[in-house]
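Below, chain A is the first sequence line, B the second, and so on; all start at residue 1.
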Protein chains: 2
Amino acid sequence: MAKNGNISASVIKRLPRYYRFLGELEKQGVERISSRELSERMKLTASQIRQDLNCFGGFGQQGYGYHVCSLREEIGHILGVDKEYPTILIGAGNLGKAIALHINFETRGCRLVGIFDANPRLTGETVGSVAIRHTDEIEAFCNEHHPVVAVLCIPKANTQEIADKLVGLGIRSFWNFSHYDLTIDYKGIEVENVHLGDSLLTLTYRTNQLDSE
Amino acid sequence: MAKNGNISASVIKRLPRYYRFLGELEKQGVERISSRELSERMKLTASQIRQDLNCFGGFGQQGYGYHVCSLREEIGHILGVDKEYPTILIGAGNLGKAIALHINFETRGCRLVGIFDANPRLTGETVGSVAIRHTDEIEAFCNEHHPVVAVLCIPKANTQEIADKLVGLGIRSFWNFSHYDLTIDYKGIEVENVHLGDSLLTLTYRTNQLDSE
DNA sequence: ATAATATCGTTATTTATTTGACAAACCTCG
DNA sequence: CGAGGTTTGTCAAATAAATAACGATATTAT
């Protein structure tokens with residue numbers, strides 16, 4: 001059924017948005033939707049929606065459209081929302097704490113099992129329901145709990161070093177918020193760099209363009 | 001000099017990264033760099049770098065390469081880092097506070113001049129050097145200080161309503177962190193939606209793919 | 001049951017983006 | 001100051017992505 005070969009990054013980036021919109025529709029009690037109607041709500045073309053979805057299989061039905069609830073489940077399954085990848089977060093500064101509290105890891109296939117910070121003053125404090133441990137404990141913790149995903153909220157100077165160490169401890173995916181472009185040379189390691197500063201700068205550029213028109 | 005017509009979004013998204021890398025090079029004391037060498041450091045093609053930069057003008061010199069310092073300044077100027085757009089932040093929860101403290105607005109053409117929250121308990125508290133005001137004060141504040149950029153760190157339910165109101169008060173650019181796809185129908189308004197949850201989900205997808213190979 | 005309508009899945013076309021190629025321009029060194 | 005070597009800016013080709021077109025199939029109404 002799933003003709004999941006190698007899907008382009010462009011398609012993958014749109015999947016979470018489909019998933020969100022379908023969730024909203026489900027909440028609103030909408031049972032079925034056509035690619036045309038969904039395209040109007042999401043402000044993209046019906047053709048694109050049909051083509052995106054067909055990368056993974058024929059979830060719709062001619063003359064009817066898509067069943068909201070089951071399409072959402074299919075996409076969720078493709079994305080892996082039903083996984084429970086043990087996840088650790090390194091760096092419990094302002095941003096680290098906010099991410100820990102603000103992101104619902106559970107609904108995105110991840111389970112936040114540990115938070116670490118180099119500052120001993122933070123040790124023992126809890127964020128949400130997770131205690132902050134000292135970074136010295138990372139190795140022992142990984143050997144016991146085998147986390148797979150690491151969220152990096154640390155200064156850029158240490159990022160590469162810490163990431164390399166974590167790879168050695170079994171981490172396979174990095175969600176990197178540090179002000180540094182993380183690249184891992186080992187194969188089979190995934191990195192998602194989030195550069196909030198870059199995001200703001202592109203907005204500044206566009207704000208700037210508005211002025212000069 | 002600047003043949004700044006209409007630049008594609010793909011190019012714009014890469015500019016902040018060039019800016020960052022050039023900043024690092026400058027810090028390291030590198031005076032000049034060729035597109036080939038920069039391409040190796042940034043893991044993209046030299047051809048792309050040359051073509052990207054040429055959207056804005058010929059900043060390099062044959063046989064020499066690019067002068068790191070002045071190229072950085074040029075890109076910075078294009079992005080608008082030397083602007084001082086008055087910026088307000090709505091929603092001083094965990095994420096709002098973290099953004100206020102963690103992002104260096106000044107180096108990105110923005111000046112954080114006000115923070116607002118609907119919770120009266122937060123009123124008077126300061127984040128960094130900016131006091132939190134009650135959301136009731138937004139209108140008066142905008143009339144006095146004329147902010148241009150708004151950072152939204154609020155629940156999705158209120159986002160569209162608040163954004164529409166802010167447009168009426170003169171806001172022209174939104175940096176939206178709420179779990180909602182903001183779209184503004186008025187022309188001349190820019191929106192940068194940041195969906196951290198979507199970012200994590202794409203990572204989960206890739207983590208998932210690692211498993212099934 | 002049949003016709004009319006809606007809508008998908010898929011192929012073809014168009015558009016956008018990336019990569020490659022190369023002449024012109026400049027630097028560097030003797 | 002001139003030759004040899006670099007490296008750009010730009011044009012052309014290749015690749016990727018988005019859009020449009022359309023036959024096939026299901027739904028719905030009569």
### Query
In whole angstroms, how far is the P atom of D:dG4 from the OH atom of B:Y64?
25 Å
### Message
With a 4.0 Å limit, can you tell me whether A:T45 has a side-chain N or O closer than that to the phosphate oxygens OP1/OP2 of D:dA18?
### Response
no
### Message
Under 4.0 Å from OP1 or OP2 of C:dG9: is there any side-chain N or O of A:Y66 that close?
### Response
yes
### Query
To the nearest angstrom, how far is B:N54 atom CG from C:dT19 atom P?
16 Å
### Task
In whole angstrom, give the distance that lies between atom CD of B:Q61 and atom C1' of D:dT6.
12 Å
### Message
Tell me whether B:T87 contacts the main-chain N or O of B:Y85 through its side chain, where contact means a donor paired with an acceptor under 3.5 Å.
### Response
yes
#### Entry: Shortest non-hydrogen separation from A:L112 to A:V130 and the atoms involved
O-CG2, 3.8 Å
### Task
Test A:I88 against every option in A:I171, A:L169, A:V149 by the side-chain contact (heavy atoms from CB on, under 4.5 Å) rule and name the one that passes.
A:I171
### Query
Looking only at atom types and distance, does a side-chain atom of B:N158 sit under 3.5 Å from a main-chain N or O of B:I162, one as donor and one as acceptor?
no
### Task
Look at the side-chain N and O atoms of A:R14 and state whether any lies under 4.0 Å from the OP1 or OP2 oxygen of D:dA18.
yes
### Query
In whole angstroms, how far is the C1' atom of C:dT18 from the CG atom of B:D52?
10 Å
### Message
On the side chain of A:S8, is there an atom forming a donor-acceptor pair with the base of D:dA16 - under 3.5 Å, no angle test?
### Response
no
### Query
In whole Å, what is the span from the CG atom of A:L53 to the C1' atom of C:dT7?
13 Å
### Spacing of B:Q48 atom CD relative to D:dT7 atom C1', expressed in whole Å
18 Å
### Task
Keeping the roles fixed (side chain from B:T204, backbone from A:R108), state whether a donor-acceptor pair exists under 3.5 Å.
yes
### Query
So, is B:R50 close to the D:dT8 phosphate, meaning a side-chain N or O under 4.0 Å from OP1 or OP2?
yes
#### Entry: Residue whose nearest DNA chain C nucleotide is more 5′ - A:Q62 or B:R32
A:Q62
### Task
Write down the distance between CG (B:L71) and P (D:dG9), rounded to a whole number of angstrom.
10 Å
### Message
With a 4.0 Å cutoff (strictly under), does any side-chain N or O of B:S35 reach OP1 or OP2 of D:dT7?
### Response
no
### Query
So what does A:S34 hit on the nucleic acid, given a heavy-atom distance under 4.0 Å: a base, only sugar-phosphate, or nothing?
sugar-phosphate
#### Entry: Position toward the 5' end of DNA chain C (nearest nucleotide), A:S47 or A:G63
A:G63
### Summary
Whole-Å distance, A:R36 CZ to D:dA21 P, equals 17 Å
